[in-house]
S.K.: 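Sharing a structure, written as structure tokens. Questions coming.
On a predicted model such as this, the values are computed, not experimentally measured, just so you know. The chains referred to below are lettered A, B, ... by the order of the sequence lines, with proteins before strands, and numbering in each begins at 1.
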Amino acid sequence: MSTTTKRTREALNDALREEMQRDENVLLMGEDIGVFNGAFKVTNGLLKEFGEKRVRDTPISENTIVGMGVGAAMTGLRPVVELMTINFSLLAMDQIVNHAASIRYMFGGQVKVPLVVRMPQGAGHQLGPTHSHSWEALYLHAPGLLVAVPSTPADAKGLLKSAIRDDNPVIFIEHEYLYGQRGEVPDDPDYTVDFGKAAIRREGTDVTVVGISRMAVTAARAAETLASEHGISAEVIDPRTLRPLDLDTILASVRKTNRCLIVEEGWPHGGVGANLAALIQEQAFDWLDAPIGRVTGADVPMPYSKPLEQIAFPHEPQVVEAVRALFGE
Amino acid sequence: MAEPAQPRPLPDPVTAREWLQTMLLIRRFEERAGEMYAKAKVGGFLHLAIGEEAAIVGCARALRDDDYLISTYRSHGHTLARGSDPNAVMAELFGREGGLCRGRGGSMHMFDLEHRFMGGYGIVGGNLPIAAGFGLASDYLGTEDATLCTFGDGAINQGTFGETMNLAALWKLPVVFLVTNNQFGMGTALERHSANTDLQERGQSFGVPGMRCDGMDVLDTHAVCTEALKIAREERQPVLVEAVTYRFRGHSMADPEEYRTKEQVAEWRKRDPIATFADRLQAEGVIKEGDEEQMDADAISVVDASVAFADASPFPSPQSLYDDIYVLGDQLQGWYSVDERGAGVSRGEHLGK
């Protein structure tokens, strides 16, 4: 399989372009995605290529553009709505949770909502508490939604293509830090990544480290340090999608390594780690040699000041330290 | 109280009789639903549209078969007017498998795709963006379908109203927004919730022209909605129509109605949309004496049958609890739903398999 080195934003752009070429009922809507080419340049060039019918700049009306996406999805289109940050998606929470997630169920399965809502998350750019959060846990909470959290350019492309082809509403969470990161991306236009299939980033025997979104990258780096400096062999798992969740791959790994650490950028209370820890201990308690560990973002609104912001989300040293603690080190 | 509209010409006799029959069906259906609520056959909230039948039938009959109608949590009448099986509507109220939505939605969430009744929605103002989405799809796909979106006067102060008016006008969507002004947002009177009570005017600054109709008059409502739909469909110009009406019953069944006087209700009841229309039909010889009574008896027998059907329809099986949350393919990968209701944990989507 031939590949090309791409940044995540380019891989996402390719996914949008290819799916728009493949299915003429795919259209894009969002703030500044057209003339401005996207706040993070993910939609760069698409207005020029596909025209105003299919690449639609919208007013700043998050709840309504998502709601229009819901309505259009119910009546034959496959809209992809871009929200400028995950914080702004809270304005659309009504349409996302009360409608996108619930419509198929509450109407007895008569209709489907093939909608994708893309949004970037994450700290590190000194944008303070209204532009920097990580909220995959909020969307994981709601039945009816699928949630994707890609961490590599190849997964970003493959998962976005799958999301657009899926008949369910998908919350597609990108990470601002990852947009500029490079990786090998398959050239095959039919390359997709299945939802519900975790990636084992690094095989190991001593401890399972589950990393969410950017934290899959942080966890993989920490695993190298653990191997080279501490003689600990960590198996790093990136779930890639939280709904559906490849729990079986995580459980198989935990049963092999007998220890588990979960790393996420979001808040600890009601976080993805809290949820995963519960699911793992329910089914693998007898295999655990230590309590399940977590490394999460700080339980604070994201601060602006750089030194504060940097200690408010996890970095490699905290992951190394937390893994060592599972061994009593 | 707004003045009644000037008399409009009647449609052909068959059509006129059908409108009366449908209004009678809605009236009798709603009355019986209220009785069934009192008997605890119907749970949750129950919002009746008694008094609003002309506003419902007038707009529904202005639609083509392929047009979309979308409504609120007060939508039994809308889905009946669209042609839904009364048995299935009553069974939905009863929470039965034979219900329109298999008992998943209840009174506030009716939906009938086959008849293009695109849903009752429980969030005030939440249906407006969705209606614009239907309009977007019609426009994008190049069909001639239009959308008619009803909502109450209470919804006009939601942010989605302004956002949707702006987008619908900006993108020239074929949507008619029908604000059913029944004078109250739940228990808050129009003049206590809106600085500008001229609701048909409220879309103008967004580029959505307004029209008003007498929502107690099926002919006027039909005529104005027909004109608005023509503008929306042919000129790609969204229109806001205000139907001035009144609900004779409380907001829901749990409403002591302390916010209005009996005199006011009695005054509006004099303009009962069914009685006035029946009188007009009789005066013009479309129906003769005794016809209305017969039509009413027919409506009652349809409602009787719907109750019998609903009572006989089974409750949904426990195994169906996780049905239809997701569209699931043949190759299920990963856990979609987690069932943690008791000892142990399992995949919810496997319950019914």
S.K.: If the condition is ring pair (Phe, Tyr, Trp, His ring centres under 6.0 Å), which residues does B:F315 pass it with, not counting sequence neighbours?
M.R.: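 Listed in chain order: nothing, the list is empty.
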S.K.: Using a cut-off of 6.0 Å, state whether more than 12 heavy atoms not belonging to B:L141 lie near its atom CG.
M.R.: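 Count over threshold, so yes.
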S.K.: Does a side-chain heavy-atom distance below 4.5 Å link B:L113 with A:M74?
M.R.: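 The answer is no; the side chains never approach within 4.5 Å.
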S.K.: Need one label for B:I70: side chain, backbone, both or neither, based on atoms under 4.5 Å from any heavy atom in chain A.
M.R.: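 The answer is neither part of B:I70.
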S.K.: Under the ring pair (Phe, Tyr, Trp, His ring centres under 6.0 Å) rule, collect the residues that match up with B:F117, sequence neighbours excluded.
M.R.: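 In terms of ring pair (Phe, Tyr, Trp, His ring centres under 6.0 Å), with neighbours along the sequence ignored, B:F117 is linked to no residue.
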S.K.: Looking at every heavy atom in both A:P143 and B:I325, which two are closest together, and how far apart are they?
M.R.: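 Scanning both residues completely, I find the closest heavy atoms to be C-CG2, 4.0 Å.
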S.K.: Does a side-chain heavy-atom distance below 4.5 Å link B:I130 with A:M68?
M.R.: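 Heavy-atom side-chain distance check fails, nothing below 4.5 Å.
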S.K.: Which atoms of A:L77 come close to chain B, meaning under 4.5 Å heavy atom to heavy atom: side chain ones, backbone ones, both, or neither?
M.R.: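 The answer is the side chain of A:L77.
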S.K.: Counting only heavy atoms closer than 4.5 Å, note whether A:F195 contacts chain B via side chain, backbone, both or neither.
M.R.: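 Just its backbone gets close to chain B.
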S.K.: For A:L145, is it the side chain, the backbone, both, or neither that has a heavy atom closer than 4.5 Å to a heavy atom of chain B?
M.R.: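 It is the backbone, since no side chain atom gets that close.
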S.K.: To see if you've got the definition right, give the donor-acceptor pairs under 3.5 angstrom between chain B and chain A.
M.R.:
from: B:L100; atom 1: O; to: A:Q110; atom 2: NE2; distance (Å): 3.2
from: B:G105; atom 1: N; to: A:M106; atom 2: O; distance (Å): 3.3
from: B:F111; atom 1: O; to: A:Q110; atom 2: NE2; distance (Å): 2.8
from: B:L113; atom 1: N; to: A:Q110; atom 2: OE1; distance (Å): 3.1
from: B:G126; atom 1: O; to: A:Q95; atom 2: NE2; distance (Å): 2.9
from: B:Y140; atom 1: O; to: A:K53; atom 2: NZ; distance (Å): 2.9
from: B:Y140; atom 1: OH; to: A:E24; atom 2: O; distance (Å): 2.6
from: B:Y140; atom 1: OH; to: A:R54; atom 2: NE; distance (Å): 3.1
from: B:E163; atom 1: OE1; to: A:T64; atom 2: N; distance (Å): 3.2
from: B:E163; atom 1: OE1; to: A:T64; atom 2: OG1; distance (Å): 2.7
from: B:L321; atom 1: O; to: A:Y105; atom 2: OH; distance (Å): 2.7
from: B:D324; atom 1: O; to: A:Y105; atom 2: N; distance (Å): 3.4
from: B:Y326; atom 1: OH; to: A:G144; atom 2: N; distance (Å): 3.0
from: B:Y326; atom 1: OH; to: A:L145; atom 2: N; distance (Å): 3.4
from: B:Y326; atom 1: OH; to: A:L145; atom 2: O; distance (Å): 2.8
from: B:Y326; atom 1: OH; to: A:R243; atom 2: NH1; distance (Å): 3.4
from: B:V327; atom 1: N; to: A:N168; atom 2: OD1; distance (Å): 2.7
from: B:V327; atom 1: O; to: A:N168; atom 2: ND2; distance (Å): 2.9
from: B:Q333; atom 1: NE2; to: A:D194; atom 2: OD2; distance (Å): 2.9
from: B:W335; atom 1: N; to: A:L245; atom 2: O; distance (Å): 2.6
from: B:W335; atom 1: O; to: A:L245; atom 2: N; distance (Å): 2.9
from: B:W335; atom 1: NE1; to: A:D248; atom 2: OD1; distance (Å): 3.3
from: B:Y336; atom 1: O; to: A:R243; atom 2: NH1; distance (Å): 2.6

S.K.: How would you list, by chain and number, every residue that makes a side-chain contact (heavy atoms from CB on, under 4.5 Å) with B:A310, sequence neighbours excluded?
M.R.: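 B:M90, B:A91, B:F94.
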S.K.: Are the side chains of A:P59 and B:L167 in touch, meaning some heavy atoms are under 4.5 Å apart?
M.R.: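 Yes, at least one pair of side-chain atoms sits under 4.5 Å.
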S.K.: With only heavy atoms counted, which part of A:A100 is less than 4.5 Å from chain B, the side chain, the backbone, both or neither?
M.R.: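 Contact with chain B is absent: no heavy atom of A:A100 under 4.5 Å.
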